[in-house]
Amino acid sequence: MLRTLEGHTDWVSAVAVIDGRRAVSASSDRTLRVWDLETGQTLKILEGHTSGVSAVAVVDGRRAVSASHDRTLRVWDLETGQTLKTLEGHTSEVSAVAVVDGRRAISAHRDGMLRVWDLETGKILRTIKGHTGGVYAVAVVDRRRAVSASHDRTVRVWDLETEECLTVLNLDAEVTAVAVTPDGRTIVAGDSSGRVHFLDLVEAAEDQPPKGAAFEKPGA
C-alpha cells in the first residue's frame, strides 16, 4: 500500500482516476473529493448533493459527473469544485453513471431505466427501458453501445441511438457490477453470489450463446 486517503466521514461508494496524479471519490457523506495520489492530500471537496453519492465518472481531465440518491446527477469542474450542471429527471435513486464521450453520459437507477444525457445542456437525450428490476451498474462499449447489469439477473447490451436492446444475457443471480475490456470484446460481470463472469460480446452480438467462464469466490 502506497497511500491511505482519509477525509470522508462516511463510507466511500465509488472512485475514478482523473489522470496519473489525481483521482476523485464519491461518498455517502454527500460529497466528492479530488485527491493528489502522490501526497494523499485532498485537493478539492465537491459539495452540492443533498444525499449520498453513489457513483462518479470522469469526463475528461477537468470535468466529472456524479450520481446520487438525491435523484440527480451533477457535472463538476474539477479545478474549481463548482457544479456546472445539475441533471434532473430520475424518479428514484441514481445508482450508476458512465461517460459515453465528452458530451454524453448514461445513468442507471432503481426503477430499471437508463437515461442518456447531454452534459452541455443537461437535457435527457434518450430514456431506455427493458429491465424488469433495478439497474446496479452500467459500462460503455463504444460511442453507440452500452452494457447494463440488473437486479433482474440479466446483462443487457443497448444501442444508445435507437434505444434498442441488442442482446440479453441471462445469469442465475442478481448482476451487481459490469465492465467492458478495452478492446470492446468481453463483458466482465459480477453477481450477488460472488461470481465473476467473462462473456464474449462479439458472439453475443451475433446471437450465438456467449462463451465465457464464471469464477466463484473461494469456498463457493
Side-chain angles (χ1 to χ4, degrees), residues 5-37 40-128 134-140 146-150 160 176-180:
L5 312 183
E6 297 181 293
H8 283 297
T9 59
D10 209 335
W11 57 276
V12 180
S13 52
V15 66
V17 171
I18 301 169
D19 51 38
R21 187 182 179 91
R22 297 175 299 157
V24 56
S25 58
S27 171
S28 60
D29 68 9
R30 305 182 182 183
T31 72
L32 298 99
R33 285 178 178 251
V34 180
W35 302 90
D36 185 313
L37 298 177
Q41 299 300 305
T42 297
L43 300 175
K44 290 290 177 185
I45 300 175
L46 313 182
E47 298 178 292
H49 281 298
T50 58
S51 189
V53 188
S54 53
V56 63
V58 171
V59 181
D60 50 37
R62 63 182 182 84
R63 293 178 297 160
V65 58
S66 59
S68 172
H69 292 174
D70 67 12
R71 305 182 182 183
T72 72
L73 296 99
R74 285 178 178 250
V75 183
W76 302 90
D77 184 315
L78 295 173
E79 299 299 328
T80 67
Q82 299 300 305
T83 298
L84 299 174
K85 289 287 179 185
T86 300
L87 313 183
E88 298 178 297
H90 280 296
T91 58
S92 64
E93 300 173 355
V94 190
S95 52
V97 64
V99 170
V100 180
D101 51 38
R103 189 180 179 91
R104 296 176 297 158
I106 181 170
S107 62
H109 70 129
R110 302 294 175 86
D111 68 0
M113 290 190 287
L114 299 98
R115 286 183 168 86
V116 182
W117 301 85
D118 186 315
L119 297 177
E120 301 296 328
T121 66
K123 302 297 185 183
I124 297 171
L125 300 173
R126 301 278 187 274
T127 299
I128 299 174
V135 182
Y136 291 122
V138 63
V140 170
V147 180
S148 56
S150 174
L160 299 178
T176 55
V178 70
V180 177

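In this chain, residues are counted from 1 in sequence order.
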Query - Spacing of Glu47 atom CD and Arg33 atom CZ [to the nearest 0.5 Å] - result: 8.5 Å
Query raised in the report: If every non-hydrogen atom of Ser92 is compared with every non-hydrogen atom of Arg71, which pair is closest and at what distance?
Result: O-CG, 3.5 Å
Requested in this report: State whether the side chain of Ser54 and the backbone N or O of Val94 hold a donor-acceptor pair below 3.5 Å, judged by distance alone.
Outcome: yes
Requested in this report: Would you give the length of the straight line joining atom CG of Leu46 to atom OG of Ser27, rounded to the nearest 0.5 angstrom?
Outcome: 12.0 Å
Report task. Kindly give the heavy-atom pair with the smallest separation between Val147 and Val178, and that separation in Å. Result -> CG1-CG2, 3.6 Å
Query raised in the report: Would a 4.5 Å heavy-atom cut-off, applied to side chains only, mark Arg126 and Leu160 as touching?
Result: no
**Report entry** Lys44 NZ to Thr80 OG1 distance, which is reported to the nearest 0.5 Å
**Finding:** 7.0 Å
Report task. Please report the closest heavy-atom contact between Ser25 and His8, naming both atoms and the distance. Result -> OG-NE2, 2.7 Å
Query raised in the report: Say you draw a straight line from CG of Asp70 to NE2 of His49; how long is it, rounded to the nearest 0.5 Å?
Result: 5.5 Å
Query raised in the report: For the atom pair CG (Leu87) and CG (Leu73), what is the distance rounded to the nearest 0.5 Å?
Result: 5.0 Å
Query raised in the report: Does Ser95 use its side chain to pair, donor to acceptor, with the backbone of Val135 at less than 3.5 Å?
Result: yes
Query - Closest contact, heavy atoms only, Ser150 versus Gly134 - result: OG-O, 2.9 Å
Query raised in the report: For His69, which residues count as a ring pair (Phe, Tyr, Trp, His ring centres under 6.0 Å) partner, sequence neighbours excluded?
Result: none
Requested in this report: Return each pair, listed once, that meets salt bridge (charged side-chain N to carboxylate O under 4.0 Å, His left out) where at least one residue sits in residues 8-17; pairs must be two or more places apart or across chains.
Outcome: none
Query raised in the report: Which value, rounded to the nearest 0.5 Å, describes the distance between Thr31 atom OG1 and Ile45 atom CD1?
Result: 6.5 Å
Query raised in the report: Applying salt bridge (charged side-chain N to carboxylate O under 4.0 Å, His left out), which residue pairs with at least one partner in residues 94-122 are found, sequence neighbours left out?
Result: Arg63-Glu120, Glu93-Arg110, Asp101-Arg104, Asp101-Arg143, Arg103-Asp118, Arg104-Glu161
Requested in this report: List the steps and the verdict of side-chain contact (heavy atoms from CB on, under 4.5 Å) for Trp76 and Thr83.
Outcome: CA-CA 5 Å; Trp76 302 90; Thr83 298; 3.2 Å; yes
Query raised in the report: Hey, mind stepping through Leu78 and Arg62 against side-chain contact (heavy atoms from CB on, under 4.5 Å) and telling me if it holds?
Result: CA-CA 5 Å; Leu78 295 173; Arg62 63 182 182 84; 5.5 Å; no
Query raised in the report: Within the distance-only criterion (no hydrogens, no angle test), does the side chain of Ser28 pair as donor or acceptor with the backbone N or O of Gly52 below 3.5 angstrom?
Result: no
Report summary line: Of all heavy-atom pairs linking Ala139 and Ala98, the shortest is CA-CB, 4.4 Å
Report summary line: Nearest heavy-atom contact between Ser13 and Ala55 is OG-N, 4.5 Å
